[in-house]
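Quick note: numbers below take in every heavy atom, side chains included, and nothing from hydrogens, waters or symmetry partners. Counting starts at 1 for both ligands and their atoms, in listed order. One is the number of the first residue; the rest follow in order along the sequence.
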Amino acid sequence: MEQARQMLQHHFGYDSFRNGQAPIIEQTLRGQSSLCVMPTGGGKSICYQIPALMLDGLTVVISPLISLMQDQVEALRAANIPAAYINSTLTVQEVNETMQLASAGYLKLLYIAPERLESATFLQVLSNLSVPLLAVDEAHCISQWGHDFRPSYRAIQKLFTLWPQKPTVLALTATATPAVCDDIRQLLDIDEQSTVITGFSRDNLAFSVLIGENKERYIKDYLVKNKNEAGIIYAATRKAVDAIYELLSRLGESVAKYHAGLPEDMRTSEQERFLKDEARIMVATNAFGMGIDKSNVRFVIHYQMPRNMESYYQEAGRAGRDGLPSACILLYASGDVQTQRFLIEQTQDEARITQELAKLQTMVDYCHTEGCLQNAILTYFGEEAGVPCSRCSNCNDGREVKDVTVDAQKVLACVVRMGQKFGKTMVAQVLIGSKNQKMTEFGFARLSTYGILKGQYSSKDVSSFIEFLIAEGLLAVKHGTFPTIYVPEEGKEVLMGNRTVMRKEAVSVRKLADNDPLFEHLRVLRKEIADEEQVPPFVVFSDKTLRELCDKKPMEL
Ligand code: ADP
Ligand code: MG
């Protein structure tokens, strides 16, 4: 390991290894195949690059993206390390030349796309080389349970029998749930003990979930407040990317865009502009970013909720790779769920759709959770939750925690009485005592007359309470043509009185009486803002808004 440390210093100019790097390098040098799970920006590349320098022969690196290979090879060459790549951008002659260099022992690392392994001629050439180490970057691509399955990754298994001795395998990924880890280990024949997982927590990132914001306005304000900072804005669709790009360009922002619908040369040049700080904002779909090593990204804003937690953490994790405080903001609206549902349902494979919808639900749960967001992420990735981060929007909302067990029991009991066959909206309607036609149609007219939560909750509050119970795992969603909700084991514990439910106090609303002094204040405000004479009989604001309004004089608004 002393020699490894010298290599780190000599070739890369770093004094010490980061968390997880040393044990991975040591195992790899001992010839033990390993799985390395480290967050984005954790420093996975060095884990195979240093062993590659120290082992005799050629290290083959499987990498999913052309741009990623090119960047890595350029960086290695700049550090005086003989490396090359083979992918579809090379001519046949260039491929041959590269393979000749490799055969002559001039190369230490060779990056290839997994599709290459489908060529028998290529495998033939490879079989004549001495390959001690096989690095599989973005290893989650091999798993169907991952969020980025690439069937061609399965061809990696052909390399296990290509030489008399199976090379040492080092699989690397940033976002692997326990199920994905199991899958990777099984497919690449790695022992469970040989897994090195460094903490997932990124202590310089502050996560926020903002519900019901005016998204455009929020982004405009954010960019004004954070004037010189670089950041990425992710949207779910190309159309949304184009629209935000237009909006920001019109405002005179220095902005680039990226999505799969743009011609390749434009994608490359837009990416370059962002990487070289010529454009400070990148607006993109999830097509942008894998392997991007831009260290000074200060914020990642999600204009829409992404389709699963893996994608979210990977995309948000592109903020703050330099370790400085950075913001990860998710702007959530319930319509985002429909957008993602629609996108998921475009795929043909039924089994996959069911699986993706379940993942989408965990993403929605994240948006509705009331505990520490950092901990919610850690728990999702199978890590134990730590003390609340005190940086995220939930840790900083200043709300108190209350016992809501009785209300939870009312909701769960209602779900049971309705036969656990209905969706959230139906249940909410029954709970607030709706008199609409559907009640009679489905035979709930009587149940609904109780208005179990009527007066206590508005219909919007009931919906958000149901979302909360789902996020807590006390209600569960069964996906199908119509998603329905049912009471799982955890919820039954609540019904039986064996478990209490704590929730942060709801954003309370206050109805203003005619003689409330605030009423006059608001009337003046209204006139100032909208020039409206008419003020509704009562105005409902959250306590926070109310407090803020009271602190301001009319003219400031
Ligand atoms: P990952 O693949 O895990 O997302 P990279 O391998 O691209 O991360 O590394 C991220 C950044 O961290 C790179 O700029 C790299 O040079 C830097 N880095 C890696 N190891 C160290 C180290 N031991 N000390 C300081 N910086 C490091
Ligand atoms: Mg990487």
Side-chain angles (χ1 to χ4, degrees), residues 1-26 28 34-53 59 61-81 83 85 109 111-114 135-142 146 148 150 153 170-176 184 195-205 230 232 271 275-277 288-297 300 310-311 313-324 326 381:
M1 282 311 287
E2 191 39 47
Q3 199 192 343
R5 229 171 293 278
Q6 283 169 11
M7 294 274 178
L8 179 73
Q9 169 62 252
H10 177 73
H11 286 283
F12 301 96
Y14 300 133
D15 292 329
S16 57
F17 284 117
R18 282 197 186 154
N19 192 11
Q21 287 177 328
I24 282 289
I25 292 174
E26 206 224 286
T28 307
S34 323
L35 168 61
C36 165
V37 185
M38 239 184 229
T40 310
K44 288 185 285 297
S45 318
I46 275 177
C47 295
Y48 60 83
Q49 288 167 343
I50 288 185
L53 288 168
T59 289
V61 185
I62 311 293
S63 176
L65 282 184
I66 291 174
S67 61
L68 214 129
M69 290 183 202
Q70 289 168 342
D71 292 350
Q72 296 250 350
V73 167
E74 268 170 38
L76 287 169
R77 286 184 181 159
N80 270 324
I81 298 169
Y85 59 81
L109 291 115
Y111 285 74
I112 60 175
V136 182
D137 205 3
E138 312 289 349
H140 56 271
C141 294
I142 203 172
D148 222 352
R150 292 274 217 116
Y153 257 63
L170 174 51
L172 310 113
T173 178
T175 50
I184 296 175
T195 306
V196 173
I197 303 185
T198 66
F200 264 100
S201 97
R202 300 266 313 270
D203 296 340
N204 60 324
L205 300 186
I232 306 173
Q271 174 169 322
L275 294 181
K276 293 188 177 139
D277 296 325
F288 174 75
M290 196 195 258
I292 293 289
D293 185 12
K294 181 173 164 73
S295 61
N296 64 341
V297 175
V300 171
E310 284 93 337
S311 311
Y313 200 44
Q314 193 157 54
E315 288 159 19
R318 294 191 177 116
R321 290 176 73 126
D322 52 10
L324 296 177
S326 307
F381 287 109

Inset, instruction - Please indicate whether any nitrogen or oxygen in I46 is less than 3.5 Å from any nitrogen or oxygen in ligand 1. - result: no

Legend entry - Under 3.5 Å: N/O of Q72 near N/O of ligand 1: no

Atoms in ligand 1 flagged as close to [X], the criterion being non-hydrogen separation under 4.0 Å:
X	result
S45	2 (O), 5 (P), 6 (O), 7 (O)
R321	1 (P), 4 (O), 5 (P), 7 (O), 8 (O), 10 (C)
P39	3 (O)

For ligand 1, is there an atom lying under 4.0 Å from some heavy atom of [X]?
X	answer
M38	no
S295	no
A174	no

Test your reading of the model: is there a side-chain donor-acceptor pair from [X] to the backbone of [Y], 3.5 Å cut-off?
X	Y	value
R202	G320	yes
Q21	G43	yes
R77	A83	yes
K44	M38	yes

Legend entry - Separation between CG of L35 and CD1 of I184, rounded to the nearest 0.5 Å: 5.5 Å

Legend entry - Nearest-option assignment for atom 9 (O) of ligand 1, heavy atoms, candidates A22, G20, G43: G43

Inset, instruction - For Q3, look at atom CD and say whether over 12 heavy atoms of other residues, nucleotides or ligands are found less than 6.0 Å away. - result: no

Inset, instruction - List the atom of G42, the atom of R18, and the distance in Å for their closest heavy-atom pair. - result: O-NH1, 3.3 Å

